[in-house]
J.: 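The structure's right below; bear with me while I get my questions together.
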Amino acid sequence: MPPFTFFFVLSFFLCTTSSSFSTFTYSANFEAPSASASASASASASPESNEWSSPRGQPKNADPSCRTGNPIDDCWRCDTDWHNYTNRKILADCAVGFGRDATGGRDGEFYVVTDPKNDDPVNPIPGTLRYAVIQEEPLWIIFKGDMVIKLKDELLVNSFKTIDGRGANVEISNGPCITLSYVTNIIIHGIHIHHCKQGGNAKIRDSPTHYGWRNISDGDGISIFSSAHVWIDHCTLSNCHDGLIDVTYGSTSITISNNRMSYHDEVMLMGHSDDFLPDKDMQVTIAFNYFGEGLVQRIPRCRHGYFHIVNNLYSGWEMYAIGGSANPTINSQGNVFIAPHSNSLKEVTKRIDSLEDEWKKWNWRSVGDLMLNGAFFTSSGNNNSQNYVKASSMFARPASLLTTDLNATAGALSCQIGYIC
């Protein structure tokens with residue numbers, strides 16, 4: 001079994017450039033993909049059935065004995081050659097849930113970020129993360145080595161981009177952070193995002209041919225605005241000005257998985273406002289995350305839409321865990337909820353600004369959740385499974401197979417070249 005085992009313990013004892021881009025080489029401890037690598041390392045993703053299916057990407061050197069039951073991680077982490085140019089893009093075929101078809105930069109070239117310091121929001125220079133993310137072509141963005149990136153303003157990411165921090169310790173912190181606005185097919189993996197601040201009232205470039213004026217930003221870690229096919233995986237997020245991850249303005253087809261979140265008040269907002277009806281089509285999967293120390297509320301807070309909250313571990317909350325308004329459908333399956341010690345904080349759920357005569361019709365259910373330390377989930381609506389078809393995106397593992405110590409495996413991973421990750 002690998003040194004980092006995510007979430008699931010199998011033992012029965014627990015359950016019973018193109019030419020316009022600059023290309024670079026890695027330092028000695030990191031292998032650079034060939035600039036002439038094939039644009040696509042794997043076949044197009046096919047729709048996933050509602051079950052634990054075999055991973056869609058299959059690395060040649062995978063060791064079946066290291067698998068843990070987490071279908072995302074089992075798809076790529078057991079391969080000692082996960083880092084090379086052929087296998088690295090297999091990650092794009094490993095997503096589950098509503099965001100499973102996010103291709104990111106799978107069909108493009110690799111781009112290596114070498115410069116963490118010279119961030120220019122209007123005229124970004126080659127070698128910086130901002131230069132990479134604004135390009136029109138698909139790009140799989142990786143990092144030369146460990147770096148801390150302090151952005152001068154929001155990082156506006158263009159469509160068909162993967163930001164892949166595996167093999168380096170990459171932090172985006174102490175400045176404005178990541179915004180996905182009117183884009184599609186984004187993968188963000190393995191980044192430590194913290195102490196994000198507001199930005200704006202400034203000009204910012206979002207493509208090689210366009211920049212414009214941006215108003216004051218919210219100060220989210222990752223803001224997903226009117227975007228689709230987005231997958232946020234194995235990131236570590238904490239201490240931001242507003243939300244850690246906010247999904248608003250009609251965004252849909254989103255998976256938020258394997259992340260570690262801690263030390264934050266309003267963690268995740270799903271939906272712009274009670275009056276914004278386009279959010280009725282929102283579908284978000286929240287899976288395999290560790291919700292850790294110092295979280296207060298909105299884990300998540302949902303409006304309208306359909307939300308599959310599956311196989312997460314909640315180590316506590318200071319107000320509530322799952323909340324909502326405007327009749328969202330919430331399908332909670334196979335989670336572990338560990339309530340705080342205070343007798344007044346045992347309830348997982350909260351209906352916000354709604355009378356019981358209204359919210360008792362909303363479809364909120366708990367199936368197979370493990371309630372510890374007095375935690376309880378207030379269900380409502382019709383428990384018939386047909387009411388949850390649009391809020392079902394994957395099969396839930398039994399909550400009894402979740403471990404309680406996920407600090408080493410949720411969030412950004414410490415992947416080393418030549419070893420399983």
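Residues: numbered from 1 along the sequence shown. Please read these numbers as outputs of a predicted model, since none were measured by experiment.
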J.: Side chains of Glu154 and Thr179: do they bring a donor and an acceptor to under 3.5 Å?
T.: yes
J.: Taking it one step at a time, do Asp233 and His189 satisfy side chain to side chain donor-acceptor pair (under 3.5 Å)?
T.: CA-CA 5 Å; Asp233 187 55; His189 180 99; 3.0 Å; yes
J.: Just checking, is any N or O donor in the side chain of Asn158 or Ser207 under 3.5 Å from an acceptor N or O on the other one?
T.: no
J.: Would you check if the side chain of Thr236 reaches a backbone N or O of Ala412 as a donor-acceptor pair within less than 3.5 Å?
T.: yes
J.: Where is the tightest heavy-atom contact between Phe143 and Gly165, given as atom of each residue plus distance?
T.: CD1-CA, 4.0 Å
J.: Please work out whether the ring planes of Phe276 and His272 are parallel, tilted or perpendicular, with thresholds of 30° and 60°.
T.: perpendicular
J.: Please check this pair: side chain of Asp115 against backbone of Thr128, looking for a donor-acceptor N/O pair closer than 3.5 Å.
T.: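 Side chain of Asp115 to backbone of Thr128, a donor-acceptor pair under 3.5 Å: no, none is there.
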J.: Looking at Asp220 and Leu244, would you say the former's side chain and the latter's main chain have a donor-acceptor pair under 3.5 Å?
T.: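 Such a contact is absent between Asp220 side chain and Leu244 backbone.
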J.: Would you find a donor on one side and an acceptor on the other, under 3.5 Å apart, between the side chain of Asp279 and the backbone of Met282?
T.: no
J.: With no hydrogens and no angle check, just 3.5 Å: does a side-chain donor-acceptor pair link Asn239 and His194?
T.: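 His194 and Asn239 do not have a side-chain donor-acceptor pair below 3.5 Å.
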J.: For a quick test of reading the model, state the closest non-hydrogen atom pair linking Asp218 to Asp242 and the distance between them.
T.: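 That would be O-CB, 3.2 Å.
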J.: State, without any angle test, whether Arg303 and Thr248 hold a side-chain donor-acceptor pair at a distance under 3.5 Å.
T.: no
J.: Identify the residue among Asp81, Asp74, Asp73 that makes a salt bridge (Lys or Arg N to Asp or Glu O under 4.0 Å) with Arg77.
T.: Asp73
J.: If we only count heavy atoms from C-beta on, is the Thr285 to Val96 side-chain gap below 4.5 Å?
T.: no
J.: Can we say Arg260 and Glu293 salt-bridge, meaning some charged N sits less than 4.0 Å from an Asp/Glu carboxylate O?
T.: yes
J.: Compare every heavy atom of Trp317 with every heavy atom of Glu347, then report the nearest pair and how far apart it is.
T.: O-NE1, 3.5 Å
J.: Are Glu266 and Arg301 side-chain neighbours, meaning at least one heavy-atom pair lies under 4.5 Å?
T.: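 They are not in side-chain contact.
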J.: Do the ring planes of Tyr314 and Phe291 sit parallel (below 30°), tilted (30 to 60°) or perpendicular (above 60°)?
T.: tilted
J.: What's the spacing between Ile193 CD1 and Cys235 SG if we round to 0.5 Å?
T.: 5.0 Å
J.: Looking only at atom types and distance, does a side-chain atom of Asn201 sit under 3.5 Å from a main-chain N or O of Asn215, one as donor and one as acceptor?
T.: no
J.: Establish, yes or no, whether the cationic atom of Lys346 lies under 6.0 Å from the six-membered ring centre of Phe337 and within 45° of the ring axis.
T.: no
J.: Go through the side-chain N and O atoms of Ser257 and Trp231 and say whether any donor and acceptor fall under 3.5 Å apart.
T.: yes
J.: Can any side-chain N or O of Ser227 pair as donor or acceptor with the backbone N or O of Phe225 at less than 3.5 Å?
T.: yes
J.: Ignoring hydrogens and angles, tell me if any N or O in the side chain of Asn312 forms a donor-acceptor pair with the backbone of Phe288 under 3.5 Å.
T.: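 Present.
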J.: Would you call Arg88-Asp164 a salt bridge at under 4.0 Å N-O?
T.: yes
J.: In plain terms, say whether Lys152 and Asp119 are close enough for a salt bridge, that is, a side-chain N and a carboxylate O under 4.0 Å apart.
T.: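 No, Lys152 and Asp119 are not salt-bridged.
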J.: Give a yes or no answer on whether the side chain of Asn373 reaches the backbone of Ala339 with a donor-acceptor pair at less than 3.5 Å.
T.: yes
J.: Please say whether the positively charged group of Arg365, taken as NZ for Lys or CZ for Arg, lies over the ring of Tyr388, i.e. under 6.0 angstrom from the six-membered ring centre and within 45 degrees of the axis.
T.: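 Yes, a cation-pi geometry holds between Arg365 and Tyr388.
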J.: List the atom of Cys177, the atom of Gly221, and the distance in Å for their closest heavy-atom pair.
T.: CB-O, 3.3 Å
J.: Given Ser392 and Asn331, is the side chain to side chain donor-acceptor pair (under 3.5 Å) satisfied, shown in steps?
T.: CA-CA 7 Å; Ser392 299; Asn331 188 11; 3.2 Å; yes
J.: Is any side-chain heavy atom of Val157 closer than 4.5 Å to a side-chain heavy atom of Leu155?
T.: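 Side chain of Val157 against side chain of Leu155, heavy atoms only: contact under 4.5 Å found.
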J.: Look only at the side chain of Thr349 and the backbone of Thr378, and say whether a donor-acceptor pair between them is shorter than 3.5 Å.
T.: yes
J.: Where is the tightest heavy-atom contact between Gly294 and Glu318, given as atom of each residue plus distance?
T.: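 Smallest interatomic distance, heavy atoms only, reads CA-OE2, 4.0 Å.
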J.: Take Ser325 and Asp274 through the test side chain to side chain donor-acceptor pair (under 3.5 Å) and record every step on the way to the result.
T.: CA-CA 7 Å; Ser325 60; Asp274 288 2; 2.7 Å; yes
J.: Quick one: pull up OH in Tyr131 and CD1 in Ile141 and give me the separation to the nearest 0.5 Å.
T.: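 Those atoms lie 12.0 Å apart.
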J.: Is there a donor-acceptor contact under 3.5 Å from the side chain of Ser217 to the main chain of Gly199?
T.: yes
J.: For Gln333 and Asn311, does a side-chain donor sit closer than 3.5 Å to a side-chain acceptor?
T.: no
J.: Will you find, in the side chains of Asn185 and Thr103, an N or O donor that is under 3.5 Å from an N or O acceptor?
T.: yes
J.: Taking atom types as modelled, find out whether Ser380 and Arg351 have a side-chain donor-acceptor pair closer than 3.5 angstrom.
T.: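 Checked: Ser380/Arg351 side chains pair up, N/O donor to acceptor below 3.5 Å.
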J.: Write down the atom of Met261, the atom of Ile256, and the distance for their closest heavy-atom approach.
T.: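 Met261 and Ile256 have their closest heavy atoms at CE-CG2, 4.0 Å.
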J.: Less than 4.5 Å apart, any side-chain heavy atom of Met147 and any of Leu129?
T.: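 SC-SC contact between Met147 and Leu129 ruled out.
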